[in-house]
Amino acid sequence: MTVVGRPEETLGHRLPIYGKFQQREGMACGEGHDHVGEDVYSTNQQKATTHIDKVRLAAIELVGQAAIPGTLASLARLNVFEALARAGDGVELTPQELGNQAMPGKVINLSYLGRMLRLASSVKVLREVATMSEDGSTEHRYGLEPIGKFLVDDAEKGSLVHLLLMYQDPVFLSTWNHLPESVLDDSVQPFARAHGGLHAWEYGMQNPEFDEKFNKAMAGHSKLYMRAFLDVYQGFEGVRVLIDVGGGFGSAISTITARYPHIKGINFDQPHVIKACPELPGVEHMSGDMFESIPSGGDAIFLKYILHDWDDESCIKLLKNCHKVLPANGKVIAVDSVLTDTINFEGGDRMAFMVDMNMMAFNHSGARERNEGEMRKLGLYAGFLRVDVVCKVDQLSVTEFIKA
Ligand SMILES: C[S@@+](CC[C@H](N)C(=O)[O-])C[C@H]1O[C@@H](n2cnc3c(N)ncnc32)[C@H](O)[C@@H]1O
């Protein structure tokens with residue numbers, strides 16, 4: 001077998017295609033290695049064998065997992081997912097073809113790119129198709145898998161790519177090292193410790209480039225998840241004027257008004273955020289401080305990813321401000337994770353716990369996901385009559401705070 005002993009770097013570059021192909025779709029890494037292994041070790045009279053301890057392997061994969069988002073963010077920055085989406089469904093490209101389409105006119109390290117594509121395939125973001133010729137050389141091609149489609153920027157359907165880029169931004173990555181300190185000293189807030197004493201919102205105000213990344217991440221997430229919520233949640237049906245408090249770039253409210261054109265949408269956020277908002281049909285932008293006051297005139301107020309940003313005291317203050325401007329039959333519709341008391345491994349709980357950790361690392365002290373009882377307490381202290389968790393999509397729930 002001619003590939004034995006050939007450096008992997010060489011395999012990653014141009015691969016000649018000879019004669020008849022033998023299709024080996026979806027070949028797992030281990031299978032390939034076993035095959036090569038037999039040849040490699042036969043000189044020692046030792047047949048290669050594989051021994052997997054699933055628990056040990058799970059542990060080492062967990063420890064090494066940072067390579068996954070690091071690689072995916074790099075592929076996104078290199079426009080690889082966009083290029084694969086443009087190539088179309090069911091199309092697979094070689095690293096060379098992909099490089100040419102994603103980074104036209106650039107000199108590309110095909111070995112690096114190929115290795116990144118393989119890791120992305122191992123977590124089913126991409127699909128690897130390996131084709132072997134009679135001389136044993138292998139050509140790898142890559143296509144987008146359904147998970148990978150969520151990493152393609154899509155203004156209409158929403159996307160997770162900007163969230164990936166935000167989580168992988170040094171501004172957020174640098175906060176994790178300060179978590180141990182904050183466990184031992186509750187006056188330490190990881191984000192502020194990493195960024196000269198600034199909290200996330202202050203930092204955003206002073207760093208427009210990061211603020212834009214943040215708001216794009218939220219916009220992609222909101223578009224994606226609001227489309228999903230609108231398929232299962234009917235609570236917007238009777239609403240005439242909806243105020244999205246802390247609505248960022250207005251992605252959520254514009255998704256709601258597109259589905260319910262009779263709703264007049266108001267997108268309310270801090271002045272520097274509103275200044276950067278695009279014009280949106282059916283949506284009026286307003287700026288202010290939600291802890292001071294909230295625009296009146298809405299029969300419902302929408303809070304997505306807001307309550308989890310704040311401690312209980314701030315949440316109660318905000319909910320009281322909402323209560324004040326709502327009519328008697330009004331409600332707050334909040335979207336956040338609602339934590340379960342015991343872990344449900346199938347129900348999106350892990351993601352909810354991850355967001356809870358993000359709140360700890362990236363936000364004010366007291367920022368957290370809450371369970372149903374804790375959400376209810378916030379609402380009742382703020383004067384609401386009833387608090388109901390009405391539906392869940394993946395790790396996110398809609399909680400309604402009913403005024404009367
Ligand atoms: C986590 S983001 C959520 C954005 C949006 N709701 C979404 O889910 O896409 C929190 C938002 O609250 C806004 N915000 C923070 N403090 C605020 C304040 N005092 N008044 C109004 N908005 C505020 C931020 O600017 C940001 O847009």
Side-chain angles (χ1 to χ4, degrees), residues 155 158-163 166-167 169 171-172 191 198-208 210-230 242-257 265-278 280 283 285-295 298 300-311 313-322 325 332-337 354-364 366-369 393-399:
S159 159
L160 297 176
V161 68
H162 293 290
L163 198 63
M166 182 190 82
Y167 286 150
D169 194 285
V171 171
F172 275 160
F191 189 96
L198 295 179
H199 295 298
W201 307 123
E202 294 162 341
Y203 186 89
M205 225 180 279
Q206 294 183 21
N207 293 276
F210 178 74
D211 204 46
E212 189 185 356
K213 284 184 196 169
F214 177 85
N215 287 318
K216 274 176 141 178
M218 291 299 112
H221 179 276
S222 272
K223 180 68 75 177
L224 182 71
Y225 271 101
M226 287 321 296
R227 283 166 56 92
F229 270 112
L230 287 167
L242 180 65
I243 302 176
D244 187 353
V245 171
F249 280 176
S251 174
I253 189 91
S254 59
T255 309
I256 297 166
T257 55
I266 293 174
N267 182 48
F268 178 76
D269 208 295
Q270 304 181 90
H272 70 279
V273 177
I274 291 299
K275 221 187 278 170
C277 279
L280 297 166
V283 176
H285 294 299
M286 291 178 78
S287 65
D289 178 350
M290 64 193 179
F291 294 111
E292 292 292 320
S293 64
I294 285 169
I301 291 172
F302 187 62
L303 299 176
K304 176 178 169 285
Y305 262 13
I306 301 298
L307 295 176
H308 77 172
D309 288 339
W310 302 96
D311 60 14
E313 199 185 327
S314 306
C315 287
I316 292 168
K317 189 169 184 190
L318 169 61
L319 285 168
K320 276 185 175 167
N321 284 349
C322 296
V325 294
V332 168
I333 301 164
V335 174
D336 262 318
S337 298
M354 286 188 212
V355 180
D356 189 44
M357 284 303 102
N358 291 341
M359 290 305 105
M360 202 188 278
F362 307 155
N363 226 319
H364 295 271
R368 53 192 293 238
E369 306 305 309
V393 168
D394 298 345
Q395 76 289 357
L396 289 171
S397 297
V398 166
T399 304

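As the structure lists them, so they are numbered: ligands from 1, and atoms in each ligand from 1. We use all heavy atoms of the structure for the numbers below, so side chains are in, but hydrogens, waters and symmetry mates are not.
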Inset, instruction - Could you find the nearest protein heavy atom to atom 5 (C) of ligand 1 and give me its residue, atom name and distance? - result: Gly246 O, 3.2 Å
Inset, instruction - Could you tell me which atoms of ligand 1, counted from 1 in the order shown, lie closer than 4.0 angstrom to a heavy atom of Lys304? - result: 3 (C), 5 (C), 6 (N), 7 (C), 8 (O), 9 (O)
Inset, instruction - May I ask you to check whether Trp201 and Phe191 place their ring centres under 6.0 Å from each other? - result: no
Inset, instruction - Classify the side-chain pair Asp211/Tyr203 by whether it contains a donor and acceptor separated by less than 3.5 Å. - result: no
Legend entry - Ring-ring centroid check Tyr305 His221, cutoff 6.0 Å: yes
Inset, instruction - Just jot down the ligand 1 atoms closer than 4.0 angstrom to any heavy atom of Gly248, in number order. - result: 27 (O)
Legend entry - Nearest-0.5 Å distance, CZ of residue Phe291 to SG of residue Cys315: 7.0 Å
Legend entry - Short side-chain to backbone donor-acceptor contact, Ser314 and Trp310, under 3.5 Å: no
Inset, instruction - Mind telling me whether Phe172 and Phe362 have parallel, tilted or perpendicular rings, with 30° and 60° as the class edges? - result: parallel
Legend entry - Per-atom contacts, ligand 1 versus Val273 - under 4.0 Å to a heavy atom: 25 (O)
Inset, instruction - With heavy atoms of Gly288 as the reference, note each atom of ligand 1 found under 4.0 Å away. - result: 20 (N), 21 (C)
Inset, instruction - Please state whether Phe214 comes within less than 4.0 angstrom of ligand 1, counting heavy atoms only. - result: yes
Inset, instruction - Give the residue, atom name and distance (to 0.1 Å) of the protein heavy atom nearest atom 20 (N) of ligand 1. - result: Met290 N, 2.9 Å
Legend entry - Proximal ligand 1 atoms for Asp309, defined as those under 4.0 Å from one of its heavy atoms: 1 (C), 10 (C)
Legend entry - Contact check: Ile306 vs ligand 1, nitrogen or oxygen atoms, below 3.5 angstrom: no
Legend entry - Side-chain donor-acceptor contact under 3.5 Å, Thr255 with Lys223: yes
Legend entry - Sub-3.5 Å N/O-N/O distance, Asp269 and ligand 1: yes
Legend entry - Gln270 N/O under 3.5 Å from ligand 1 N/O: yes
Inset, instruction - Using non-hydrogen atoms of the residue, decide whether Trp310 is closer than 4.0 angstrom to ligand 1. - result: yes
Legend entry - Interatomic spacing from CG in Asp244 to CZ in Phe268 - rounded to 0.5 Å: 11.0 Å
Inset, instruction - Look at the side chain of Asp336 and the backbone N and O of Lys304, then say whether any donor-acceptor pair between them is shorter than 3.5 Å. - result: no
Inset, instruction - Please confirm whether Gly204 comes under 4.0 Å of ligand 1, counting heavy atoms of the residue only. - result: no
Inset, instruction - Please indicate whether any nitrogen or oxygen in Asp289 is less than 3.5 Å from any nitrogen or oxygen in ligand 1. - result: yes
Legend entry - Closest protein heavy atom to atom 1 (C) of ligand 1, given as residue, atom name and distance to 0.1 Å: Tyr305 O, 3.2 Å
Legend entry - ligand 1 to Ser222 polar contact by distance, N or O atoms, under 3.5 Å: yes
Legend entry - Positive for side chain to side chain contact (heavy atoms under 4.5 Å, CB included) with Leu318, one of Val332, Asp309, Ile301, Ile294: Ile294
